[in-house]
Structures are given as structure tokens and as C-alpha cells.
Colleague: 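Pasting a structure below so you can have a look.
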2 protein chains.
Amino acid sequence: MTEKKKITLKDIARELGISISTASRALKEHPDIADDTIKTVKAFAEKHHYVPNILAVNFRKSRTYNLGLIVPELVHHFFSTVISGAIDTAKKHGYNILVSQSNDILSDETVACRTMLASSVDGLLISISNETLEAAHLTNFIEEGKPVVQFDKITDHIQSPKVIVDDFEGAYQAVKHLIEQGYKKIAHLRGRREVKNSNERARGYQQALIDHNMETSENWIKDCMAINEEEGYNFCKELLSGDNPPDAIFCITDLVAFGVLKYLKEEKIAVPHQIGVIGFSNWKLAEIVSPGLSSVDQHGYEMGEIATLKLIELIKNNELDNQEVIELKTNLIIRESTANKIEKPLTIG
Amino acid sequence: MTEKKKITLKDIARELGISISTASRALKEHPDIADDTIKTVKAFAEKHHYVPNILAVNFRKSRTYNLGLIVPELVHHFFSTVISGAIDTAKKHGYNILVSQSNDILSDETVACRTMLASSVDGLLISISNETLEAAHLTNFIEEGKPVVQFDKITDHIQSPKVIVDDFEGAYQAVKHLIEQGYKKIAHLRGRREVKNSNERARGYQQALIDHNMETSENWIKDCMAINEEEGYNFCKELLSGDNPPDAIFCITDLVAFGVLKYLKEEKIAVPHQIGVIGFSNWKLAEIVSPGLSSVDQHGYEMGEIATLKLIELIKNNELDNQEVIELKTNLIIRESTANKIEKPLTIG
DNA sequence: ATCGATTGCGCAAACCATTGCAGGAAGCTT
DNA sequence: AAGCTTCCTGCAATGGTTTGCGCAATCGAT
């Protein structure tokens, strides 16, 4: 195979009759080196396609310019959007991203962390699994002097910057919107009680109801465990078969909302006129299904960008005790599924 | 701040009064080393949490155990599924995956390749962009002695193993299915002419029509350039407004099919009874929309697995001239959107 | 002519693990 | 007792780059 032989600083030095250190410094335009020398060395390097041996550089500097990124699930619209933002941002700053997934299983997450640490990433971006209630595996990073930035699904058990979405406010706005559309009995298909985001959204839901003096009922709140379409379908059925059924449903995420929509369609219950439905996350599907699903956009790409920028900043400054919380605002995206009373052109934003 | 000081072989050697080489060999249970020594060294290493400096090891071995992975788009159901398979497989074999995206732009792809090469991945997994008509950036890899494995979207301009889906057969089966359901005038929203997969699918479409003596028409074939929902919508409109409109549409991908479904719904044209629709790729959405979209499953996860396994194999054997083509069979997934005549329970698979 | 500053460059150590080779020690055979 | 294994261990080089420090030469100022 035509393996191009790579030349090293040593080769340059030998050929040009200078020392290795001079060659090294010349390539970096070090002020100690004469312009002529710099020019010669650079020309020679160029001509012979000199590329520094990155492995040697990494070794010398104890840096890899690789960042670890762990998400619960890779095949997931929101997370892949975040990853996309992270990768693009990292690239801009000369970093690569090493991706791994926890499948929402703590042991997988721990292993992923270990692998990342072993392969010497310079820092870690993580959205924790549902099972992650303590954070020894994350503390390891900090102890090794490698910063961690959490995003979206976070834990307070380690001190690190956190980039999150204002789940409370997003939920509040979603429910407020339902109220403004004239819905009176608003149900919530919520997520697990151990997961902070779920609790925040549930809190937003409740606060909005209270602030607007709306009817509430424990029966209108259902706990989704798996957060999938099927749960949406089943809980919707359950909600509508009880007495005093709701006339609108706020779902923890779009996927659940799709299940709801599916059930309603099967039962020929009109959306949005008989029942309003709103999701969360603004998946690609939300704009594609009909009726279009109103949802709350979480700005995943931006979240990836910001978290990555923050991490790079920490690495550069060797900061390990930063605890900044960056909260992104959500965007209410109004589509047909909640266009109940108001017939005027839909507002977005 | 509590940076644990990492200990090195040197420390072990000093503390135990042996040489560095003995320490190194003891940890590897080298036969030259006395059992007692091995036990002592291991105990000491364990106690002080010795971890070999991976950077030094990489440097010494010129290996990183990192694999590069480049896809056109990250936020994409099929590709994220492939990535998921690749990551899980890599992890099992002690490799990490470095992910990057080309956005279907050649220059981005080239840059991504360069970055990957510079950061010294041990090999590359790539699905090329629509714009990639030559492959100098890929040849670079081979020249550096780093194997490349292509998957899904491939080019014949470099010699490398390729993991692909049998697009021809998948398309053939999809169209055959439409024919069997009694559709008579089958249209095809195809992809770009420069893209191999598109051509294969179009070929499968045509062959199926020919083999079953079906009516054909140039007017029933439309070229999608962006491969999005909008194109599906517009071309569907165009198809149905011409004379001799089709009664079934085979779409290059599910996203296009969703556009088609949307138009049909707006126009209140019944699917599958007036028009049958089938997609390709079996996106998550396909099972969620209603009517459920029939599609062709490409086994993305498996593709990721296989491509990664192949790459690791090449790396281990230092093979650079392998040109094996691994072709995965597709799965026809039948849902409501094509259930025209036949009312019996739907078969899947 | 001397001193001091400045400029340009090289020596060598350091980073850490790996490994070929040499050699010492102990135990065995003749 | 000399010679021969067998076992165990250490020396030292290797990989490529970076960097602190020191040295030499040059130049200007006194």
C-alpha cells in the first residue's frame, strides 16, 4: 500500500542543518527565530507535507482536543439536535466529539464515562439517564481535572455548569395557551417523578392552572414511565373514559402527544374542537402530522452549542468549580391541535 | 481542584524498588516475571489506582482506538440509527466513535475528513454526501494506512468495503406490493440522478413495472432534489393535476411520502382506497402517522454494527485493499397506506 | 575597548510506556 | 567444579514534540 512516509521535526532539522527545537519554533513563528529561518523551515515543511504527529503532541500536552458527549438516547429527535449543535460548535473550535449513549441505564452511563475518561477526553458533556440519582462516575471526571457540563437532564449531585431549558416556564406557557384558547379542563400526561424536567413541567402546569383559577383534578394527571406513543394512547383512553373527562391534554413530550392524537383520531374525536392537544419538544413530526401538533420548542441545537462553548471555556481556563446555570427560554409553537376558539392567523413565538 | 495525582509506572518502580520494565511486564503477567513480583506489583497498582497513561500508550502504539464516523446529516432517523449501532458495536470492542456531519456539502465532508485524520482516528466510517463525486479526501486515509468503510451512500471511486442496502430489491418489492394490491398506475418520486441509491431504487421501480407488464409513463417520475416533505406535497399535486394521474406513489423516502400524505389529506383523497402510498426507510414517523405509512425498512442499526465490525477487522489485520460489498436485505413493512384491495390481516416482514 | 542588551539558536530534559537484549542468580547435570 | 539451563530483572533506547535555560554572536552605547 502506498503509505506515504511521514516526516518529522527531526527530519526537517537534519535536512536543514538546524536543531529540532529551532525547527519546532520556526513553525510556530516563535519570536526568537529569524524570519529567514522561519521562511526556510516553513517552505521545507510545506514541500514535504510535514504534519505534526498529533499523538506526540497530545502526549506532550496531555490534551486530546476530544470532548465526550453522553446522551440517554441517540435515536431521538431532541438529543440528535443537541448533538448536532455540539458537533458543529466543537468543530469550529478545533475539537472533536466522542458520542456515547446510556439507553437511560445507569450502568451503561457509568461504563460510558469510564471509557471516555480512559480515552482521555478533555471534558464531558452529559445529559443524565433517568436512573442517575447519584453521580460518583461524574465526580471522577472533576477529580481528574476534567470539566463536566450538564445539559437538559441534570443532577445537582455534582457541581458543574448546567445548560437547561426553562421547563417550568415552557409548561406554564403551554398551559396558559390552552386556557386562552378556552379549554376548561386541562389534563397532563407527565413524566417520572424522579426526573427533574418532568417535575418542572408538572409544576408549570399546576401553577398555570392555579394562576388562572382553573379547575384541577388529580385524575387528570397521569404518570408516563416509558414516555412513548403507547402510553399516550392508553392514558388518553383512560382519561376520556373516566367521569369528568378533560377537554385538553398537555403532554410531557410530542411522542406521547402522538399517541393521544392517534387515539382521538380512532375515536373520531375532533382536534382541536372537542379536545386540544399540546406536546413538548417540537419534534420534526409535530409539523408533519395533521392536525399539526402545537408544541414547545426547546432549542436543542442552541443548547448543544452553548453547552459546548461553556465546556471549551472551562477547559481553557482550567475551571473546575463553575456552577453557572444557563437557562434557555422555550418557544411556544402554535399549530392546529390547539386552535380552538380563536380563528385569527396563528402566532408563532 | 482535588486533582488526584496520577501515578505512573515510574512511581510504582520507585516505591517497590524494581525497574520500570519489571513493573510494566508484571502488570501484563509477562512469563518472565516471578509470580510473587506480579502479585506485589498488581496489589500496589490496585491500591494506588494506577491507570496507564493512555496518551503515552497511544503514542507508543500509534493507535487511538477512536473511529471516525461521517454522515450527511445527524438529525435524521436513519442515520442516527446507524450511528447508534456503530457506537454500541464500537464500545463492545473497546473503540470510541468520533462523529461528524457533512450537511451533504462536499467541502464540509472534506474538512471533516481532514479533522478526523489529524486527530488520528484508526479508521473511518463514512456515508458520503450528495456532492461527493470524487474521493481524494478519502484516498488520503488509505494512503496513511487507515482503512475506510463506506455505508449506505457510497462511491466507487475508492476501494473500500461497502455496506449497503439492496435498494434495487427493496424498491422492487415495494412496487411489486403496490401491484399486488391492485394499483394500476404507479408513480415514483425519485431522488437525484447523481446519487447511486436513488438510481437503484428507480431501477427497482422500473423493473417491477416491466416484469408485471404495467403501464409506465415518464410523467409519473419526478425528481426530488432536496428530499423533503415539501417536494412530496408539490409533486403529488403536480401528479394529480396532470392527465392520466397515477393511483399509487412510491416515494424515495418517508419524508417525501409524508408530504404526499399531507396533500392527499388536504384534498380529501382517500388513502389507500383512492391512492396508495409507500415510502422508504421506515422512519419512526411511519408507524405514528395515520394512515400508517407502508415503507421499506433498511435495518440501520444492523448496518452500523456491520460496518463497524468490518472496520475493526480491517484495522486489526491492517488490510487496506479490501473491497467486499456487504448487501443487507430490506424488509417490506406493510401498513394502512397501501392496504387497498386486500382486507385480510396485515402481514409484516 | 568594554560592557550590556539583544537576537538567534541548540542542548537536553521531560512526557510515559514498551521492548530487545544483556546479564545475574539459582539450580541442575556431568 | 565447571558448564548449562531456567528464571527473573534491569538497562537503555525508542517514539515526536515541547520548552527552560544557556550560550554565542552581533550591535550600539559609553
Side-chain angles (χ1 to χ4, degrees), chain A residues 3-42 44-45 48-65 94 117-120 122 144-146 318, chain B residues 3-42 44-46 48-65 94 117-120 122 144-146:
Chain A
E3 279 182 52
K4 245 186 253 167
K5 232 216 24 233
K6 292 215 209 176
I7 75 164
T8 68
L9 279 183
K10 198 194 277 182
D11 298 323
I12 299 184
R14 183 175 14 80
E15 293 302 315
L16 260 38
I18 57 176
S19 76
I20 295 178
S21 44
T22 301
S24 169
R25 283 192 261 251
L27 290 170
K28 300 192 168 48
E29 304 189 15
H30 191 285
D32 273 6
I33 306 297
D35 287 351
D36 277 359
T37 313
I38 292 181
K39 217 179 296 170
T40 319
V41 173
K42 284 199 158 188
F44 186 91
H48 293 82
H49 309 105
Y50 168 75
V51 187
N53 180 321
I54 194 78
L55 263 35
V57 176
N58 287 350
F59 174 43
R60 189 69 232 278
K61 302 202 160 170
S62 305
R63 292 275 227 91
T64 58
Y65 287 92
L117 205 47
S119 70
S120 236
D122 292 346
E144 300 251 345
K146 313 203 163 170
N318 196 27
Chain B
E3 281 182 51
K4 241 187 254 168
K5 235 216 21 235
K6 290 218 209 178
I7 74 164
T8 69
L9 278 182
K10 196 197 276 182
D11 299 322
I12 298 184
R14 183 173 17 79
E15 293 302 314
L16 260 38
I18 56 176
S19 76
I20 295 178
S21 44
T22 301
S24 170
R25 283 192 261 253
L27 290 170
K28 298 191 169 49
E29 304 189 15
H30 191 286
D32 272 5
I33 306 298
D35 287 351
D36 276 0
T37 313
I38 292 181
K39 217 179 298 170
T40 319
V41 173
K42 284 201 156 186
F44 186 90
E46 180 81 16
H48 293 82
H49 309 105
Y50 169 74
V51 188
N53 180 321
I54 194 79
L55 264 34
V57 176
N58 287 350
F59 174 45
R60 193 77 226 288
K61 303 204 162 170
S62 306
R63 292 276 227 91
T64 58
Y65 287 93
L117 205 48
S119 71
S120 235
D122 292 346
E144 299 252 345
K146 312 202 165 171

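So you know, we letter chains A, B, ... as the sequences are listed, proteins then strands, and number each from 1. This is a predicted model, so every value here is computed, not measured.
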Colleague: Counting side-chain heavy atoms from CB outward, which of C:dA17, D:dT18, C:dC9 is closest to A:L9?
Modeller: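 Taking heavy atoms from C-beta onward, the closest nucleotide is D:dT18.
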
Colleague: Could you check how far CG of A:D35 sits from C1' of C:dC9, rounded to whole Å?
Modeller: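 In whole Å, C:dC9 C1' and A:D35 CG are 14 Å from each other.
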
Colleague: Can you check the B:D11 CG to C:dC15 P distance for me, whole Å?
Modeller: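 The answer, rounded to whole Å, is 10 Å.
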
Colleague: Taking only side-chain N and O atoms of B:T22, does any of them lie within less than 4.0 angstrom of OP1 or OP2 on D:dC8?
Modeller: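 No, outside the criterion.
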
Colleague: Could you state the CD1-C1' distance from B:I33 to C:dT19, rounded to the nearest angstrom?
Modeller: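 The distance from CD1 of B:I33 to C1' of C:dT19 comes to 12 Å, rounded to the nearest Å.
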
Colleague: Can you check the B:F59 CZ to D:dT18 P distance for me, whole Å?
Modeller: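 The distance from CZ of B:F59 to P of D:dT18 comes to 11 Å, rounded to the nearest Å.
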
Colleague: From the options D:dT9, C:dG8, D:dT17, select the nucleotide whose nearest atom is closest to the side chain of A:A34.
Modeller: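 Nearest nucleotide to the side chain: C:dG8.
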
Colleague: Is B:T37 near enough to D:dT9 that one of its side-chain N or O atoms lies under 4.0 angstrom from OP1 or OP2?
Modeller: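 B:T37 to D:dT9 OP1/OP2: side-chain N or O found under 4.0 Å.
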
Colleague: Can you tell me which nucleotide in D:dT18, C:dC16, D:dG10 comes closest to the side chain of B:R25?
Modeller: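 Shortest atom-to-atom distance from the side chain points to D:dG10.
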
Colleague: Please list, one pair per line, the donor and acceptor atoms closer than 3.5 Å that link side chains of residues 20-28 of chain A to other protein atoms, with sequence neighbours excluded.
Modeller:
{"unit_1": "A:S21", "atom_1": "OG", "unit_2": "A:S19", "atom_2": "OG", "d": "3.1"}
{"unit_1": "A:T22", "atom_1": "OG1", "unit_2": "A:S19", "atom_2": "OG", "d": "3.0"}

Colleague: State, yes or no, whether a side-chain contact exists between A:R14 and A:D11 at a heavy-atom distance under 4.5 Å.
Modeller: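 Yes; the side chains approach each other to less than 4.5 Å.
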
Colleague: Would you say D:dT17 has OP1 or OP2 under 4.0 Å from some side-chain N or O of A:Y50?
Modeller: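 So the side-chain polar atoms of A:Y50 do come within 4.0 Å of the phosphate oxygens OP1 or OP2 of D:dT17, strictly under.
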
Colleague: Need one value for A:L55: base, sugar-phosphate or nothing, where a base atom within 4.0 Å counts as base even if backbone is also close, heavy atoms only.
Modeller: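 A:L55: no heavy atom of the nucleic acid under 4.0 Å.
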
Colleague: Measuring from A:T40:OG1 to A:I18:CD1, what's the distance to the nearest 0.5 Å?
Modeller: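 It comes to 8.0 Å.
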
Colleague: Which whole-number value in Å describes the distance from B:L27 CG to D:dT9 C1'?
Modeller: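 So the two atoms are 15 Å apart, to the nearest Å.
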
Colleague: Under the side-chain contact (heavy atoms from CB on, under 4.5 Å) test against A:V41, which residue among A:L16, A:D36, A:I33, A:L9 passes?
Modeller: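 The passing option is A:L16.
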
Colleague: Given C:dC9, is OP1 or OP2 found less than 4.0 Å from the side-chain N or O atoms of A:S19?
Modeller: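 Result: no.
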
Colleague: Distance check needed: D:dT17 P versus B:N58 CG, whole Å only.
Modeller: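 For the pair B:N58 CG and D:dT17 P, the rounded distance is 16 Å.
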
Colleague: Can you tell me whether the side chain of A:D32 and the base of C:dC9 have a donor-acceptor pair closer than 3.5 Å?
Modeller: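 Check passes, donor-acceptor contact within cut-off.
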
Colleague: For A:R60 and D:dT17, what is the distance between atoms CZ and C1' respectively, to the nearest whole Å?
Modeller: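 Taking atom C1' of D:dT17 as the reference, CZ of A:R60 is at 7 Å.
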
Colleague: Does A:K28 make a side-chain N or O approach to OP1 or OP2 of D:dT17 shorter than 4.0 Å?
Modeller: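 It does not, given that no N or O in the side chain of A:K28 lies less than 4.0 Å from OP1 or OP2 of D:dT17.
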
Colleague: Rounded at 0.5 Å granularity, tell me how far CG in B:N58 sits from CG in A:N58.
Modeller: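 One finds 8.5 Å between CG of B:N58 and CG of A:N58.
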
Colleague: Check whether any side-chain N or O of A:K10 sits under 4.0 Å from OP1 or OP2 of D:dT17, and answer yes or no.
Modeller: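 The answer is no; no side-chain N or O of A:K10 sits under 4.0 Å from OP1 or OP2.
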
Colleague: Please pick, from D:dC8, C:dG10, C:dT19, the nucleotide with the shortest atom-to-atom distance to any side-chain atom of A:S21.
Modeller: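 Side chain of A:S21 sits closest to C:dG10.
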
Colleague: How many whole angstroms separate atom CD1 of B:I12 from atom C1' of C:dC16?
Modeller: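 Atom CD1 in B:I12 sits about 12 Å away from atom C1' in C:dC16.
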
